[in-house]
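Source: prediction; values computed, not measured.
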Amino acid sequence: MIRRQQTFLIAVCVVVVLICAALYPFCLVQGISYAAEKAYSNVLDDLKKDTSFDASYYPDDDKDNSLQVITIAESEDDELFVYVYQPSAKTRQLTAASIDISTTIYEATAFHNYHLKLLSRQGVFGKYLVEGLTVRPKGTRYYAITDILRPWVEGLDEKAPGNNTISEVTFPVSKQWEFGELNGKPYVQVVDIDTIVVTTKYCGFVRYDDGCLFHDGACDSHFVAFDTDRPIDTLLEADVYYTHQSFEQVIATGYGGPAPEFGDKIPAEVTVKSEQRGEYNGGGLFSGTFTWQRIQTVEEFIESVEFDKRVYQGSMFDVSYASLLDDEAKSLIKKSKWVLRFLETEWEDELINPFLITSRERSTIVGDVKILRLKFVTDGKTYNLGVVDNKQSGDPFDPVNDTHYTIEMAGWIKDAWDIIKKVLLAILIVFVLLVVIWFVSKLVSIFRRPKVVIKDEDGEKKKKKRKKE
C-alpha cells in the first residue's frame, strides 16, 4: 500500500514538472512583454522642472472647455511631448485627439495632422505623446503648431451647418518652438506665428453619372467650401487632410439584405494647386466629359456644377445631361468664398441578380476634412500660412446635385412630326365632323317621317251601316 502511494506521488510530481516546463516559455514571454511597456513621468513633475512654471496661473474653470498648449518637450528617445492645460478638467475630462505641426518653416512649411496619445493627467494638466513624429537627433529643430483638436461633444460645441457633422473641434496655438544648441548649450525659443482661421465651412461631393443607358457607375467629386478671417485675393495652393473608407451594401427587393460593410478609416493628405484640373469621362452610353479647376471661387464652383450640357448629337435625336445644385446646399455654399475640389472616387451600383432585382452598391466615404495650409496673395503680398480648422464631414451618401438626362428628336424629325401631327389633327377634325353630320341627319330623318294610321275594317262597316239607317 505504501509503495502504491509513493508511486502515485512520484507520478504527480513528474506531471507537475512537465506542466511547469511547458508553461515556462509563455511565462517568460509575458514577463518580457510587460517589461517592454515604457513608463513615462508625471505631467506635473515634468512641468515643475521649469522654475518659471506656476500652477496658480492655470485655474479651474468649469465653463471653459478649451484646450491650451502650455509647452512641448523632446525626450531622450526622440519623442515629442505636448503639455496641455484644460480649464474644465475637474468637471469634465476632455482628451485631446490630434495636433497640426510643421517641422519645416518659411517656403518649406508643411503642416501635418498627428494623433495624440494621453500619457498622464493630473488636475487641469495633461501630457501627450505625438504619435508618428520622430525628433531629428542633430541640428536645429522647428515645431510650428497651428492648433490642437479634441472630439466634438454634443451640448458643448456648435453643430455644423446643414447635413454636415464635426468630428473634432479646433483650438488655436499659433506658436513655433525652436530647439538647438548655442555654444555647446541647449536652448529653446518660442515665438508667435501668423495663422489663418477658417470661419465658414461646408463639405460634400458632386456626382457625375457614367452614362444614360447600360451604366452602373459614377464619379464622386469631393470638395470643401470655406471662408477665412483674412481676405484672400488669389488662392494659389492648399494642403487638405481627410479620411477615406470603403463602403459596400447589397440591396434586394422585398428586404434590406445583409448589413452594410465599412472598411477601416485611412488618413490621407493632398496638395491642390490653382493650375491643376480635375476631369471625368464616363464609360457608359451618352456619357459626357466634365472638367473643373481644383481651386475655384464659389461662383466658379456653382457655374461648373449647374449646367445643361448636350452630350450627344445625331441625325435622329440629341441627348442632354443636366445638373442642378440642391437648394439647401447651394445656400450654404454661397456663404463661403473658396472651394477646394481635392479628390475623386468611384461610385458603383451593380445589378447582380436581375430575377430578384438585387444590386450591390460600392463607394468611398470621405470625411474628417481639414485644411492644413493655404498659400495665397492679398494686396500683392504672398502668404504661406498654417490653418486653424476643425475636422468636418458631409453627407456620405447624398450628393449635393441632382442630375437627369433629356432625349430630344433631331430638328428634321421634329418638323416632320409637326407636319404629321397637323395632318392627323385635320383627319381627326374631318372624321369628327362627318360623325356629327351623320348623327344630325339621322335625328332630322326621324322627326320628318310620315304618320302611319291603322284602320279597323269592322269599325268602318258599322259606321256605314248607321249612316244608311
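- There is no side-chain donor-acceptor pair under 3.5 Å between Asp77 and Ser75.
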Q: Starting from the C-alpha separation in whole Å, work towards a yes-or-no answer on ring pair (Phe, Tyr, Trp, His ring centres under 6.0 Å) for Phe290 and Tyr321.
A: CA-CA 11 Å; Phe290 310 96; Tyr321 178 69; 5.5 Å; yes
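- Here CG of Asn401 is found 9.5 Å from CG of Asp326. Values are rounded to the nearest 0.5 Å.
- In this structure, Arg150 contributes its side chain and Asn65 its backbone to a donor-acceptor pair below 3.5 Å.
- At a cut-off of 3.5 Å, with distance as the only test, a side-chain donor of Ser304 or Arg341 sits close to an acceptor on the other residue.
- Using a 4.0 Å cut-off between charged nitrogen and carboxylate oxygen, Lys90 and Asp60 do not count as a salt-bridge pair.
- Atom NZ in Lys127 sits 14.5 Å away from atom CZ in Arg121 (nearest 0.5 Å).
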Q: Applying side-chain contact (heavy atoms from CB on, under 4.5 Å), run through Phe342 and Val366 and close with a yes or a no.
A: CA-CA 11 Å; Phe342 59 91; Val366 175; 4.1 Å; yes
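- Checked by atom type, the side-chain pair Glu248/Ser246 shows no donor-acceptor distance below 3.5 Å.
- Residue pairs meeting the ring pair (Phe, Tyr, Trp, His ring centres under 6.0 Å) criterion with at least one partner in residues 76-109, sequence neighbours excluded, are Tyr40-Phe81, Tyr58-Tyr85.
- Other residues, nucleotides and ligands contribute at most 12 non-hydrogen atoms within 6.0 Å of the CD atom of Glu346.
- Other residues, nucleotides and ligands place more than 12 heavy atoms under 6.0 Å from the CD atom of Glu275.
- Taken to the nearest 0.5 Å, the OG1 atom of Thr170 stands 7.0 Å off from the CG atom of Asp389.
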Q. Under the side-chain contact (heavy atoms from CB on, under 4.5 Å) criterion, do Trp152 and Val169 qualify, and how do the steps go?
A. CA-CA 6 Å; Trp152 180 87; Val169 292; 3.6 Å; yes
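- One N or O on the side chain of Asp50 and one on the backbone of Ser52 form a donor-acceptor pair closer than 3.5 Å.
- A cation-pi geometry, defined here as NZ or CZ lying under 6.0 Å from the six-membered ring centre and within 45° of its normal, does not hold between Arg362 and Trp347.
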Atom pairs and distances, side-chain donor-acceptor, residues 132-140, under 3.5 Å, sequence neighbours left out:
from, atom 1, to, atom 2, distance (Å)
Arg136, NH1, Lys138, O, 3.2
Arg136, NH2, Thr140, O, 2.5

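- Within the 4.5 Å cutoff, the side chain of Thr146 has no heavy atoms near those of the Val387 side chain.
- Under the 3.5 Å distance criterion, the side-chain polar atoms of Glu344 are left unmatched by any main-chain donor or acceptor of Ser221.
- Without hydrogens or angle criteria, Glu361 side chain to Gln249 main chain gives no donor-acceptor distance under 3.5 Å.
- With sequence neighbours excluded, no residue satisfies ring pair (Phe, Tyr, Trp, His ring centres under 6.0 Å) with His112.
- Ser88 and Gln86 are linked by a side-chain donor-acceptor pair at a separation below 3.5 angstrom, with hydrogens and angles left out of the test.
- Side-chain N/O atoms of Asn113 and Ser98 include a donor and acceptor closer than 3.5 Å.
- Taking NZ of Lys265 as the reference point, atom OG of Ser167 lies at 6.0 Å (rounded to 0.5 Å).
- At least one donor-acceptor pair under 3.5 Å links the side chain of Thr228 to the backbone N or O of Arg230.
- Judged by distance alone, the side chain of Thr378 and the main-chain N or O of Pro231 form a donor-acceptor pair under 3.5 Å.
- You'll find the side chain of Val130 reaches within 4.5 Å of the side chain of Val82, heavy atoms only.
- A donor-acceptor pair is defined here as one N or O able to donate and one able to accept, closer than 3.5 Å; no such pair exists between the side chain of Asp147 and the backbone of Val173.
- Results of the side-chain contact (heavy atoms from CB on, under 4.5 Å) test with Trp292 over Phe301, Tyr280, Phe223 single out Tyr280 as the only residue that passes.
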Q: Go through Glu178 and Arg141 one step at a time and tell me if the salt bridge (Lys or Arg N to Asp or Glu O under 4.0 Å) criterion holds.
A: CA-CA 6 Å; Glu178 179 183 343; Arg141 285 92 61 202; over 6 Å; no
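- Note that the CZ atom of Arg373 and the CG atom of Asn384 stand 4.5 Å from one another [nearest 0.5 Å].
- With hydrogens and angles ignored, the 3.5 Å screen pairs a side-chain donor or acceptor of Ser393 with a backbone N or O of Asp368.
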Q: Applying side-chain hydrogen bond (donor to acceptor under 3.5 Å, both in side chains), run through Ser66 and Gln68 and close with a yes or a no.
A: CA-CA 7 Å; Ser66 68; Gln68 302 172 33; 3.3 Å; yes
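- Taking 4.0 Å as the cut-off between side-chain N and carboxylate O, Glu261 and Arg360 do not count as a salt-bridged pair.
- At least one side-chain heavy atom of Leu325 sits less than 4.5 Å from a side-chain heavy atom of Ile302.
- Between Lys370 and Glu269 there is no salt bridge, since no side-chain N of the basic residue sits under 4.0 Å from a carboxylate O of the acidic one.
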Q: Might you work through the side-chain contact (heavy atoms from CB on, under 4.5 Å) test for Leu385 and Thr195, ending with a clear yes or no?
A: CA-CA 5 Å; Leu385 302 180; Thr195 55; 5.6 Å; no
**Q.** Candidate pair Glu74 and Tyr143, rule side-chain hydrogen bond (donor to acceptor under 3.5 Å, both in side chains), full reasoning
**A.** CA-CA 11 Å; Glu74 298 177 334; Tyr143 305 100; 2.6 Å; yes
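- Looking at heavy atoms from C-beta onward, Leu340 lies in side-chain contact with Ile295 at the 4.5 angstrom threshold.
- In this structure, the side chains of Tyr128 and Val84 come closer than 4.5 Å at one or more pairs of heavy atoms.
- In this structure, Asp239 and Tyr241 have side chains that are not in contact, with every pair of non-hydrogen atoms separated by 4.5 Å or more.
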(Q) Between Phe179 and Tyr187, does the ring pair (Phe, Tyr, Trp, His ring centres under 6.0 Å) criterion hold? Intermediate values first, please. (A) CA-CA 6 Å; Phe179 289 73; Tyr187 73 90; 8.6 Å; no
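- Side-chain contact between Val206 and Val400 is present, with heavy atoms from C-beta onward closer than 4.5 Å.
- In this structure, the side chain of Glu306 does not engage the main chain of Glu303 through any donor-acceptor pair within 3.5 Å.
- Across Asn163, Val224, Val298, Val339, a single residue satisfies side-chain contact (heavy atoms from CB on, under 4.5 Å) together with Tyr202, and that is Asn163.
- Taking the side chain as every heavy atom from C-beta outward, Thr200 and Phe226 never approach each other to under 4.5 Å.
- Taking CG of Leu119 as the reference point, atom CG of Leu129 lies at 5.0 Å (rounded to 0.5 Å).
- In the model, Thr109 has no side-chain atom that pairs as donor or acceptor with a side-chain atom of Thr104 under 3.5 Å.
- Using a cutoff of 4.0 Å between basic side-chain nitrogens and carboxylate oxygens, Arg207 and Asp402 are not scored as salt-bridged.
- In this structure, the side chain of Asp157 engages the main chain of Val153 through a donor-acceptor pair within 3.5 Å.
- Looking at Asn390 and Lys201, their side chains do bring a donor and an acceptor atom within 3.5 Å of each other.
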Q | Residues Ile105, Gln176; criterion side-chain contact (heavy atoms from CB on, under 4.5 Å); working and verdict | A | CA-CA 9 Å; Ile105 59 175; Gln176 177 182 286; 3.2 Å; yes
